[in-house]
Protein chains: 2
Amino acid sequence: MDEPVPPSRQRIVAGAADMISRRGLNATSIREVAKHAQTPLGSTYHYFPGGKQQLAAEAVRFTGDAVATRLRGMLRAGPVDGLLALLALWRGVLTGTNFQAGCPVLAVSIEEPADDASPEVLAVAAAVFGGWEAQFAASMRLHGADSGTAEPLATLVIAAIEGAVAMCRAQRSTQPLDRVAAQLESLVRAAVDNPARATDQGVDQPAPSDHRDRGGATHDPGSLLSHRD
Amino acid sequence: MDEPVPPSRQRIVAGAADMISRRGLNATSIREVAKHAQTPLGSTYHYFPGGKQQLAAEAVRFTGDAVATRLRGMLRAGPVDGLLALLALWRGVLTGTNFQAGCPVLAVSIEEPADDASPEVLAVAAAVFGGWEAQFAASMRLHGADSGTAEPLATLVIAAIEGAVAMCRAQRSTQPLDRVAAQLESLVRAAVDNPARATDQGVDQPAPSDHRDRGGATHDPGSLLSHRD
DNA sequence: GTTACGCTATGACGGGCGTCCTAGCCAGAG
DNA sequence: CTCTGGCTAGGACGCCCGTCATAGCGTAAC
């Protein structure tokens, strides 16, 4: 909760990631990031001489690494558990912030660079998305999924989750994410359970029972992005 | 092509939608919208006394209606054709703008209102998403999909497309959207082709042959959002 | 011709922005 | 003790923002 003193560079990056996930990149000002991190404005340009571009890029990478680490842990229990952990993570971000925060990687991907800036942030975002997909696809292949199936399905998983998180924010409800979750789960299950074919189609909803917030992520909504609202 | 004189209110709304789809809501300034629409700044507050909030809400509704109209036309040929048309439409927006424009509805959903503004824009965005889903679900039910299957699948379709469009912008490639497209197509096909069950699973990719830009939308990339780059 | 009104045109206001710069502080090395 | 260098502190520059007020224009009604 209160680490002794994170070198205040970390706090700046984490705060920037949090603010970007709420308001988008262009609406996130360095002044407010510094204030939120209890850091003088000058320190920001000391740590990030590249200015806002560099800070945004590091914030995206920070989030990407944090999610990848959690994902890696849960993927050791199989692709389905990894998927459930990922879903629980974003669900926790939404409910833990009253639907005010989302995915900073998506937020950055959606705003074209102002004028001058080279799309460095975009490249980082693309790399983060690609990394998540690759982790997922590798895990599915490891558990018997066809090579030609794993990668596109991993893309679908990430895209559907990202889109659903945004839709959840619009309608202030986790319904889109829950609906997407059920279908993604049965798709992944069908892709890895039966290496060749299925006796029943793996398209319908898995069961009338809803699967609440399992996933075993022991998710702390404040650890991915510091949100003090 | 060159309408006589769209009452310049239309141009403001369309320009705002286009700009929001590129830079996000907070980075879209009323001054630039007015300039882009060749309209004095004062006219903006004449037409939209509610200020930026009202303009943004109308821009989102405008985009939502434009897409819904196209979708309605293609859905008369069945859900699969509607899906293909929707995919072709967003694909055209991406390629027609060099991956600089996306979906303004998603863009608006992702930025929390500044401080004062009530989430009017968010409500409109939620309604637009809901409308698209409802159109799609109704078409699938009409073509034999289970009631409990059509609605979640419609949500998955919209979420996956929206997320994929954002990912395409990040990596400046239509690969995510193409991958998502193939899988969504077989999912929808499986949901409507066989009212009860399938002889082959409807999860894998439909066929090794890629389905290029059919969809018959006769898509003009400049008609949804005026993009003059 | 005159009047009324929708729209144009312009400028001002207060404020926040990204960026940079220059002192100042203060621990640790010599 | 002196000195060095990473970090703090705060101010300044020029620019753009959302909003509003007010005067001018044109056309259509009477």
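A note on names: the letters A, B, ... follow the listed sequences, proteins ahead of strands, and every chain is numbered from 1. Values below: every heavy atom of this structure, side chains too, minus hydrogens, waters and symmetry copies.
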S.K.: Taking NZ from B:Lys52 and C1' from C:dG15, how many angstroms apart are they, rounded to a whole number?
M.R.: 15 Å
S.K.: Are A:Glu151 and A:Arg141 within salt-bridge range, i.e. N to O under 4.0 Å?
M.R.: yes
S.K.: Taking only residues two or more places apart in sequence, or in another chain, which ones meet B:Arg172 in a side chain to side chain donor-acceptor pair (under 3.5 Å)?
M.R.: B:Asn98
S.K.: Applying ring pair (Phe, Tyr, Trp, His ring centres under 6.0 Å), name anything that partners B:Phe129, two or more places apart in sequence or on another chain.
M.R.: B:Trp132
S.K.: Please state how far atom CD in B:Glu32 lies from atom C1' in D:dT19, giving the value in whole angstrom units.
M.R.: 17 Å
S.K.: Is the side chain of B:Glu111 donor-acceptor paired with the backbone N or O of A:Gly24 at a distance under 3.5 Å, no angle test?
M.R.: no
S.K.: Without decimals, in angstroms, what is the distance between B:Phe48 CZ and C:dT8 P?
M.R.: 11 Å
S.K.: C:dT19, OP1 or OP2 - any side-chain N/O from A:Tyr45 closer than 4.0 Å?
M.R.: yes
S.K.: Tell me the interatomic distance from B:Arg11, atom CZ, to C:dC7, atom P, rounded to whole angstroms.
M.R.: 13 Å
S.K.: Name each donor-acceptor pair under 3.5 Å that joins a side chain in residues 38-50 of chain A to protein atoms two or more places apart or in another chain, with its distance.
M.R.:
residue, atom, partner, partner atom, Å
A:Thr39, OG1, A:Ala37, O, 3.0
A:Thr44, OG1, A:Leu41, O, 3.3
A:Tyr47, OH, A:Ser8, OG, 3.4

S.K.: Just to be sure I understand the rule, does A:Thr28 reach a base, reach only the sugar-phosphate, or reach nothing, if contact means heavy atoms closer than 4.0 Å?
M.R.: sugar-phosphate
S.K.: Using a cut-off of 4.0 Å on non-hydrogen atoms, how would the nucleic acid contact of B:Gln38 be classed: base, sugar-phosphate, or nothing?
M.R.: nothing
S.K.: Closer than 4.0 angstrom, basic N to acidic O: yes or no for B:Arg76 and B:Asp81?
M.R.: no
S.K.: Are the charged groups of B:Asp18 and B:Arg22 less than 4.0 angstrom apart, N to O?
M.R.: yes
S.K.: Roughly how many Å is it from NZ in A:Lys35 to C1' in C:dG18, rounded to a whole number?
M.R.: 15 Å
S.K.: For a quick test of reading the model: is some side-chain N or O of A:Ser29 closer than 4.0 Å to OP1 or OP2 of C:dC17?
M.R.: yes
S.K.: List every contact pair, protein side and nucleotides 23-29 of chain C side both N or O, where the distance is under 3.5 Å.
M.R.:
none

S.K.: Could you check whether any side-chain N or O of B:Glu32 sits under 3.5 Å from a backbone N or O of B:Thr28, counting only pairs where one atom can act as donor and the other as acceptor?
M.R.: no
S.K.: Report the residues that fulfil side chain to side chain contact (heavy atoms under 4.5 Å, CB included) with B:Thr95, sequence neighbours left out, ordered by chain and then residue number.
M.R.: B:Thr174
S.K.: Would you tabulate the pairs of protein nitrogen or oxygen atoms and nucleotide nitrogen or oxygen atoms of nucleotides 7-13 of chain D closer than 3.5 angstrom?
M.R.:
residue, atom, partner, partner atom, Å
D:dC7, OP2, A:His46, NE2, 3.1
D:dT8, OP2, A:Ser43, OG, 2.1
D:dA12, N6, A:Arg31, NH2, 3.3

